[in-house]
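These numbers come from a predicted model, not from an experiment.
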Amino acid sequence: SKAAAVRATMELNATRASAHALWSTMTTQDRRLDELRAEVHRLRLHARAREHALQSALRLLEIATAEKRDLAHALKRETDGARRREATTPQREPRRRRAASLKEGCPRCRGL
């Protein structure tokens with residue numbers, strides 16, 4: 001009958017509309033999933049780059065710490081060596097004060 005055909009056509013159109021809406025939603029979800037996958041990939045790359053930068057910074061810190069320790073040891077050795085040399089060096093007599101000028105220091109100029 002004609003009414004059954006009209007009803008079947010309406011149901012078919014409704015099913016098509018529903019299928020199209022589902023397909024559209026699914027396509028949108030696929031795009032969103034692709035965006036999320038790209039974001040996860042980008043974040044992983046950034047995390048690796050940050051981890052690499054952190055490792056490099058830690059290596060530089062270890063090197064700088066070792067250099068500082070070496071410098072501190074060298075300074076201590078130098079200071080200890082200077083103290084030993086100072087302790088073993090005989091103390092000199094204080095030097096006499098020099099004349100304020102050559103003229104005052106010259107016996108002929110002083111009238112002697």
Side-chain angles (χ1 to χ4, degrees):
S1 79
K2 191 165 187 159
V6 170
R7 199 171 343 134
T9 304
M10 286 176 57
E11 286 177 8
L12 181 62
N13 287 340
T15 303
R16 283 184 183 152
S18 177
H20 180 73
L22 287 172
W23 177 83
S24 179
T25 302
M26 190 176 70
T27 304
T28 302
Q29 290 297 334
D30 284 345
R31 272 198 304 268
R32 183 69 183 133
L33 282 172
D34 287 344
E35 290 170 2
L36 288 172
R37 283 186 191 108
E39 180 70 8
V40 166
H41 181 67
R42 187 183 69 77
L43 289 173
R44 281 184 179 149
L45 289 177
H46 282 296
R48 281 191 207 122
R50 279 194 304 271
E51 183 179 346
H52 179 71
L54 180 61
Q55 290 296 329
S56 296
L58 283 172
R59 277 195 298 273
L60 290 175
L61 179 61
E62 288 170 357
I63 291 168
T65 303
E67 288 175 350
K68 181 183 175 199
R69 187 175 48 248
D70 293 346
L71 288 172
H73 285 302
L75 179 62
K76 184 173 179 354
R77 280 194 309 271
E78 187 65 32
T79 307
D80 291 347
R83 283 191 192 125
R84 274 195 300 279
R85 283 190 301 276
E86 190 177 290
T88 59
T89 304
Q91 295 296 319
R92 296 186 185 135
E93 295 288 324
R95 293 185 179 183
R96 286 186 232 142
R97 296 192 71 180
R98 292 187 178 178
S101 71
L102 288 175
K103 188 173 182 182
E104 291 176 7
C106 174
R108 212 174 340 161
C109 295
R110 284 191 318 213
L112 299 176

For R42 and H46, test the side chains for any donor-to-acceptor distance below 3.5 angstrom and give the result as yes or no. yes

Between S24 (side chain) and H20 (backbone), is there a donor-acceptor pair under 3.5 Å? no

For the CE atom on M10, are there more than 12 heavy atoms of other groups (residues, nucleotides or ligands in this structure) within a distance under 6.0 Å? no

Determine, step by step, whether T28 and R31 satisfy the side-chain contact (heavy atoms from CB on, under 4.5 Å) criterion, reporting the C-alpha distance in whole Å, the side-chain angles of both residues, the deciding distance to 0.1 Å, and the verdict. CA-CA 5 Å; T28 302; R31 272 198 304 268; 3.6 Å; yes

When rounded to the nearest 0.5 angstrom, what distance separates CZ in R16 from OG1 in T9? 9.0 Å

Check salt bridge (charged side-chain N to carboxylate O under 4.0 Å, His left out) between R59 and all other residues, then give those that pass, not counting sequence neighbours. none

So L43 and E39, do their side chains get closer than 4.5 Å, heavy atoms only? yes

Electrostatic pair R83-D80, nearest N-O below 4.0 angstrom: yes

So, T27 side chain and W23 main chain: donor-acceptor pair closer than 3.5 Å or not? yes

Salt-bridged, D34 to R37, with N to O below 4.0 Å? yes

For the CG atom of L33 and the CE atom of M26, what is their distance to the nearest 0.5 Å? 11.0 Å

To the nearest 0.5 angstrom, please state how far the CZ atom of R32 sits from the CG atom of D30. 13.0 Å

